[in-house]
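The structure appears right after this line, and notes come after that.
These numbers were taken from a predicted model, which means no experiment stands behind them.
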Amino acid sequence: MTERDLTLQEMRDYLDGFYRCPWEDLAMMRQAAEEELFPIIRRQTEMFLGTFLAAFRPKRILEIGTAFGYSAIFFARSCPEAEIVTIEKDEFAAAAAAGYFRTFGVSDRVRLIEADGLAGLTTIGEEGGAPFDLVFIDASKGHYKAFLDAALPLCRTGAVLLSDDIFQRGNTVTDGIDHRRKHHSAKKHMREFLAYITEHEKLTTTLLDVGDGLAFSVYKG
């Protein structure tokens with residue numbers, strides 16, 4: 001690890017020191033998830049989302065990749081008038097998330113679709129309904145492009161699409177980490193995805209050094 005890497009990590013640790021979860025019960029869920037190494041949005045990402053949601057106030061939120069439901073609960077708590085639709089293909093994670101939604105009292109506003117991301121998006125499209133204001137993509141990184149393409153027709157003009165963990169712990173950014181090329185395919189797909197969304201004629205996109213990297217796209221319609 002170089003001196004520059006250490007400085008960057010120290011900066012991120014410093015910023016994490018300002019993190020405060022607004023709700024004690026959700027803070028306890030985060031602590032347990034971090035201790036057990038369960039998938040969860042990073043602290044800086046949550047801080048960004050909290051500020052963004054307070055300003056943007058979306059009414060319909062689509063999440064691709066529920067995991068254990070933390071981010072969906074955060075969306076529901078931050079936007080008490082919003083409807084959240086979240087998709088998860090893993091049976092165990094989906095069952096756990098459904099339980100957490102009931103425990104946290106948000107199951108009346110969070111709809112969980114247990115399906116592969118693309119299948120879930122197809123189901124939503126076939127049902128019709130109001131377009132989404134916000135899409136949060138946090139599932140299989142190799143399928144981000146397919147998820148985004150399938151989600152765009154479900155969005156209103158001016159909708160925001162957030163793609164999380166685009167750095168993949170630095171693997172996307174540099175060739176110096178994956179010496180055994182175990183993650184070569186994931187790196188290739190993510191680099192192609194980032195080129196795609198930054199050049200997409202119907203999107204305005206910026207890439208942010210937040211958490212493990214966040215792509216912020218606005219749909220022009």
Are [X] and [Y] connected, step by step, through hydrophobic side chains (Ile, Leu, Val, Met, Phe, Trp, Tyr) whose heavy atoms are closer than 4.5 Å?
X	Y	result
Phe18	Leu49	yes
Leu208	Leu134	yes
Leu15	Val210	yes

Q: Could you tell me whether the side chain of Asp16 reaches within less than 4.5 Å of the side chain of Gln44, counting heavy atoms only?
A: yes

Q) Do the side chains of Ile73 and Leu26 get nearer than 4.5 Å, heavy atoms only? A) yes

**Q.** Sole candidate of Met190, Glu192, Arg191 that passes side chain to side chain contact (heavy atoms under 4.5 Å, CB included) when paired with Lys188
**A.** Glu192

Backbone N/O of [Y] and side chain of [X]: donor-acceptor pair under 3.5 Å:
X	Y	result
Thr86	Ala72	no
Thr66	Ile87	yes
Thr45	Ile41	no
Tyr144	Ile137	yes
Arg109	Ala76	yes

Does a side-chain N-to-carboxylate-O contact under 4.0 Å join [X] and [Y]?
X	Y	answer
Asp164	Arg42	no
Asp108	Arg111	no
Glu34	Arg43	yes

Q. Between the side chains of Tyr19 and Arg30, does any donor sit under 3.5 Å from an acceptor?
A.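 Yes, a side-chain donor-acceptor pair sits under 3.5 Å.
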
Q. Got a sec: does the NZ of Lys202 have more than 12 other heavy atoms crowding it under 6.0 Å?
A.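 Check fails, neighbour count at 12 or below.
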
Q.
Within the supplied structure, the quantity of interest is the number of heavy atoms (other residues, nucleotides, ligands) at a distance under 6.0 Å from His143 NE2; does it exceed 12?
A. no

Q: Please determine if Lys145 forms a cation-pi arrangement with Tyr196, meaning its NZ or CZ atom is less than 6.0 Å from the six-membered ring centre and no more than 45° off the ring axis.
A: yes

Q) Which pairs with one or both residues in residues 55-84 pass salt bridge (charged side-chain N to carboxylate O under 4.0 Å, His left out), sequence neighbours excluded? A)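 Applying salt bridge (charged side-chain N to carboxylate O under 4.0 Å, His left out) to every pair that reaches into residues 55-84, excluding sequence neighbours, yields Asp25-Arg77, Lys59-Glu81, Arg60-Glu83.
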
(Q) Among residues at least two apart in sequence or on other chains, which ones pass ring pair (Phe, Tyr, Trp, His ring centres under 6.0 Å) with Phe38? (A)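 Phe38: ring pair (Phe, Tyr, Trp, His ring centres under 6.0 Å) contacts with Phe68.
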
